[in-house]
Visitor: 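Submitted below is the structure of interest, expressed as structure tokens.
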Amino acid sequence: MGSVALFSSPALAADPIKIAVLEDQSGDFVVPVIGKVHALQLATEEINAGGGIAGRPIELVVYDTQSDNTRFQEFTRRALQRDKVDVIFGGFSSASREAYRPIVDQFDGFAFYNNQYEGGVCDAHMIITGAVPEQQFSTLVPWMMQTYGKKVYTIAADYNFGQISAEWVRDIVKQNGGEMVGEEFIPLGVSQFSQTIQNIQTAKPDFVVTLLVGTAQASYYEQAAAANVNLPMASSVNVGQGYEHKRFKPPSLKDMHVTTNYIEEIDTAASKAFLAKFKAKFPDEPYVNQEAENSYLALYLYKQMVERAKSTKRDDLRKEIAKGDVCMDAPEGRVCLDPKSQHMSHTIYLAKVGADHSITFPKVWQDIKPYWLGEAGCDLTKSSPNQQYTPSNPPSKG
């Protein structure tokens with residue numbers, strides 16, 4: 001069963017705004033996800049202390065989805081039908097998002113997916129605050145090819161996130177005159193990589209793109225280090241989500257390069273202030289990752305939209321989004337919602353892991369917009385197909 005925890009302030013007498021939190025507090029994805037729940041609790045505490053949203057307290061209704069897609073479906077129905085929540089904040093894996101998204105559509109609900117992902121969701125019922133491939137790969141892959149060489153080997157989790165992300169990598173490598181010397185898709189439960197490591201060593205790439213997720217697949221890094229693979233790595237998910245550079249002994253993450261919109265090592269005043277608040281409330285938090293920051297800023301964005309619209313109704317909130325100026329100064333830097341796709345612009349940091357697992361930032365890209373869906377033909381200000389598209393299956397432009 002899902003545990004339900006309520007966080008609201010009794011000092012605010014108005015009816016609460018109820019937010020369902022559907023996140024994995026146990027299961028395969030707990031490592032990168034628990035900080036998302038804590039970030040929402042931190043933002044709720046801050047917002048309620050300041051008078052709530054339009055004078056109404058936030059009440060978080062928290063479910064443990066246990067990395068189980070059937071629980072996402074069950075709890076989404078419960079949240080929308082029984083608990084009558086105003087909005088859902090939920091999901092880590094793309095499989096979990098695609099498990100619950102049709103139910104949000106069916107019940108005409110509204111949801112925030114605060115996760116980096118493979119891109120392509122064009123759905124008016126969904127706001128996505130995480131980074132997408134055109135923000136992460138169009139910056140990362142050309143930089144890696146210029147720095148290390150043009151022969152690329154991809155290993156990716158074998159589900160929609162890994163498959164679609166690998167498609168993006170393939171396209172960008174080709175556009176930049178590179179060569180894919182190998183590509184493997186790894187089932188989620190796999191933790192033994194000796195054959196994959198042998199394949200990589202035979203192929204002799206200049207760098208490896210690692211799109212691995214979950215606890216089992218993270219075993220690759222120590223095994224590759226033990227086998228002296230010693231190749232630069234590039235990722236859109238590692239370090240920024242599962243903080244492998246903190247969890248594994250040096251030098252197993254040496255020369256990992258990640259494009260992320262936030263990690264706790266970012267050395268700016270806004271990041272340091274956020275980190276200090278987070279650690280003060282949750283002193284045992286092992287790491288504040290990009291998904292925690294995405295969740296934190298998402299609640300403040302929701303507050304801004306509700307107060308501007310003077311309503312919690314999705315159609316009223318979307319009228320505010322359509323104005324194109326739903327923006328805020330987040331811990332990462334300034335972010336804005338794109339009206340066509342309901343995805344977010346980001347500051348993208350290239351984080352490089354050293355031999356001692358320290359982090360440096362060789363490059364920072366400011367205000368990278370989520371341009372692909374809009375250019376491909378998704379325009380939620382005009383219609384909502386409620387579909388997920390890919391580079392090889394873009395929206396029809398009619």
Side-chain angles (χ1 to χ4, degrees), residues 1-12 14-27 29-67 71-72 75-76 78-79 83 85-92 96 110-115 127 129-130 241-243 262-264 270-307 312 328 330-332 335:
M1 292 296 292
S3 58
V4 177
L6 305 180
F7 295 84
S8 63
S9 169
L12 297 168
D15 288 342
I17 290 176
K18 294 176 77 171
I19 297 175
V21 180
L22 274 63
E23 297 287 8
D24 303 333
Q25 293 151 78
S26 57
F29 299 128
V30 65
V31 167
V33 171
I34 196 69
K36 297 178 73 179
V37 180
H38 293 164
L40 290 172
Q41 291 169 349
L42 173 63
T44 295
E45 185 177 273
E46 291 174 357
I47 290 168
N48 282 349
I53 296 177
R56 297 171 63 187
I58 299 167
E59 183 180 290
L60 298 182
V61 187
V62 183
Y63 300 92
D64 180 7
T65 40
Q66 299 176 23
S67 307
R71 288 180 189 274
F72 274 97
F75 294 151
T76 299
R78 187 187 298 184
D83 296 331
V85 300
D86 294 284
V87 65
I88 288 171
F89 283 54
F92 176 74
S96 66
F110 201 34
F112 279 72
Y113 179 61
N114 303 313
N115 240 76
I127 286 177
T129 62
Q241 290 188 344
Y243 53 94
Y262 185 81
I263 53 174
E264 69 173 41
S271 173
K272 286 177 174 176
F274 171 61
L275 192 61
K277 289 190 295 187
F278 209 111
K279 295 285 189 178
K281 183 165 175 62
F282 298 103
D284 296 329
E285 196 74 41
Y287 193 77
V288 180
N289 67 0
Q290 69 178 350
E291 270 64 39
E293 193 253 7
N294 291 339
S295 300
Y296 179 84
L297 71 86
L299 194 47
Y300 276 95
L301 275 179
Y302 181 69
K303 175 182 190 292
Q304 180 188 145
M305 287 156 51
V306 169
E307 291 180 342
T312 57
M328 67 173 281
E332 70 185 70
V335 296

Visitor: Which atom pair, heavy atoms only, marks the closest approach of Leu299 to Thr44?
Guide: CD2-OG1, 3.4 Å

Visitor: Tell me if a side-chain donor or acceptor on Asp86 pairs with a main-chain N or O of Lys18 at a distance below 3.5 Å.
Guide: yes

Visitor: Identify the heavy atoms of Arg56 and Asp15 that sit nearest to each other, and give their distance.
Guide: NE-O, 2.9 Å

Visitor: Kindly assign one of parallel, tilted or perpendicular to the pair Phe278 and Phe282, based on the angle between their ring planes and the thresholds 30° and 60°.
Guide: tilted

Visitor: Give, for atom CD1 of Ile19 and atom CG of Leu60, the distance between the pair rounded to the nearest 0.5 Å.
Guide: 6.0 Å

Visitor: Could you tell me whether the side chain of Asn48 and the main chain of Pro57 form a donor-acceptor pair under 3.5 Å?
Guide: no

Visitor: Any non-hydrogen side-chain atom of Glu293 less than 4.5 Å from a side-chain atom of Val288?
Guide: no

Visitor: Have a look at Tyr296 and tell me which of Glu291, Gln41, Glu46, Lys36 forms a side-chain contact (heavy atoms from CB on, under 4.5 Å) with it.
Guide: Glu46

Visitor: Per the salt bridge (Lys or Arg N to Asp or Glu O under 4.0 Å) rule, what does the pair list look like for residues 295-305, sequence neighbours excluded?
Guide: Lys303-Glu307

Visitor: Looking at CD of Glu23 and OG of Ser96, how far apart are the two atoms once the value is rounded to the nearest 0.5 Å?
Guide: 8.0 Å

Visitor: Ignoring hydrogens, what is the shortest heavy-atom contact between Ile47 and Ile58? Give both atom names and the distance.
Guide: CG2-CD1, 3.7 Å

Visitor: Which class fits the ring pair Phe274 and Tyr262: parallel under 30°, tilted 30 to 60°, perpendicular over 60°?
Guide: perpendicular

Visitor: What is the minimum heavy-atom distance between Asp64 and Ser26, and which atoms define it?
Guide: OD2-OG, 2.8 Å

Visitor: Just wondering, do Thr312 and Val87 contact through their side chains at under 4.5 Å, heavy atoms?
Guide: no

Visitor: Counting C-beta onward and ignoring hydrogens, is there a side-chain heavy-atom pair between Tyr302 and Ile53 closer than 4.5 Å?
Guide: yes

Visitor: Report yes or no: does Ser271 contribute a side-chain atom to a donor-acceptor pair with the main-chain N or O of Glu332 at less than 3.5 Å?
Guide: no

Visitor: A side-chain contact here means heavy atoms from C-beta on lying under 4.5 Å apart; do Leu22 and Arg71 qualify?
Guide: no

Visitor: If you measure from CZ on Phe72 to CD1 on Ile88, what distance do you get to the nearest 0.5 Å?
Guide: 10.5 Å

Visitor: Do Met328 and Val335 have side chains that get closer than 4.5 Å, going by heavy atoms?
Guide: yes

Visitor: Can you tell me how far apart CD1 (Ile17) and CD (Glu59) are? Round to the nearest 0.5 Å.
Guide: 11.0 Å

Visitor: Could you check whether any side-chain heavy atom of Gln241 comes within less than 4.5 Å of a side-chain heavy atom of Phe29, counting everything from C-beta outward?
Guide: no

Visitor: Would you say that Leu275 contacts Lys272 through its side chain, given a criterion of any heavy-atom pair below 4.5 Å between the two side chains?
Guide: no

Visitor: Looking at Asn114 and Ser295, what are the two nearest heavy atoms and their distance?
Guide: CB-OG, 3.6 Å

Visitor: Run the side-chain contact (heavy atoms from CB on, under 4.5 Å) test on Phe110 and Ile127 for me, step by step, so that the C-alpha distance in whole Å, both residues' side-chain angles and the decisive distance to 0.1 Å come before the verdict.
Guide: CA-CA 8 Å; Phe110 201 34; Ile127 286 177; 3.5 Å; yes

Visitor: Quick check: closest heavy atoms across Gly55 and Ala14, and the distance to 0.1 Å?
Guide: O-CB, 3.7 Å

Visitor: Within the structure provided, determine whether Ile263 and Tyr243 are in side-chain contact (heavy-atom separation under 4.5 Å).
Guide: no

Visitor: Would Glu264 and Lys279 satisfy side-chain contact (heavy atoms from CB on, under 4.5 Å), going step by step from the backbone distance to the final call?
Guide: CA-CA 11 Å; Glu264 69 173 41; Lys279 295 285 189 178; 3.9 Å; yes

